[in-house]
Amino acid sequence: MAATAAAIVTATAAASSCSKRESVGIAAPADLTKKAKKGRSPPAEEMEAFFAAAEGDVARRFAAKYNYNVVTDAPMDGRYEWVRVRP
């Protein structure tokens, strides 16, 4: 029984060792720099589509949360009552 418990503790200690970056698949910072220099940046159209989709998602979440459409700059019906403040 004691030998089995010692084997379990030893196996657990060996399995939980995450001190080496290679064992968990994390690249070292020097490796990331080398990879970034090798690749080309995506085409402008692809970047524009990516950011447009992300911006649309943020606008939809904002409108759902605060009932305000940031695209048309107009309040919507919902939880909050918006009042225009003039400078």
Side-chain angles (χ1 to χ4, degrees):
M1 178 91 162
T4 305
I8 292 172
V9 171
T10 305
T12 305
S16 66
S17 174
C18 293
S19 62
K20 293 183 180 179
R21 290 178 181 239
E22 303 85 62
S23 65
V24 291
I26 300 173
D31 294 340
L32 292 175
T33 306
K34 289 178 185 176
K35 288 181 181 178
K37 290 181 181 177
K38 287 182 182 179
R40 292 189 244 176
S41 59
E45 298 84 20
E46 185 178 340
M47 289 177 57
E48 184 64 33
F50 174 80
F51 287 114
E55 186 178 343
D57 183 47
V58 170
R60 278 190 298 279
R61 286 188 292 144
F62 186 87
K65 187 173 184 178
Y66 298 110
N67 65 287
Y68 191 86
N69 188 342
V70 294
V71 176
T72 61
D73 194 28
M76 302 172 0
D77 292 332
R79 178 178 174 188
Y80 297 101
E81 180 181 342
W82 290 90
V83 178
R84 184 168 299 275
V85 178
R86 305 236 183 233

Taking side-chain hydrogen bond (donor to acceptor under 3.5 Å, both in side chains) as the test, write out the residues that go with N69, two or more places apart. T72
Enumerate, atom names and distances included, each donor-acceptor pair closer than 3.5 Å involving a side-chain atom of residues 47-57, sequence neighbours excluded.
none

Run the ring-ring contact (aromatic ring centres under 6.0 Å, His included) test against F62 and tell me which residues pass, sequence neighbours left out. Y66
What pairs with E46 under side-chain contact (heavy atoms from CB on, under 4.5 Å), at least two apart in sequence or on another chain? P42, P43
Got a sec, which pairs hit salt bridge (Lys or Arg N to Asp or Glu O under 4.0 Å) with one end in residues 64-87, sequence neighbours left out? none
Taking all non-hydrogen atoms of both residues into account, name the closest pair between A59 and V71 and its distance. CB-CG2, 4.3 Å
With sequence neighbours excluded, tell me which residues meet side-chain contact (heavy atoms from CB on, under 4.5 Å) with A63. M76
Spell out, yes or no, whether V58 and Y68 are grouped together once hydrophobic residues are joined by side-chain heavy atoms under 4.5 Å, including indirect joins. no
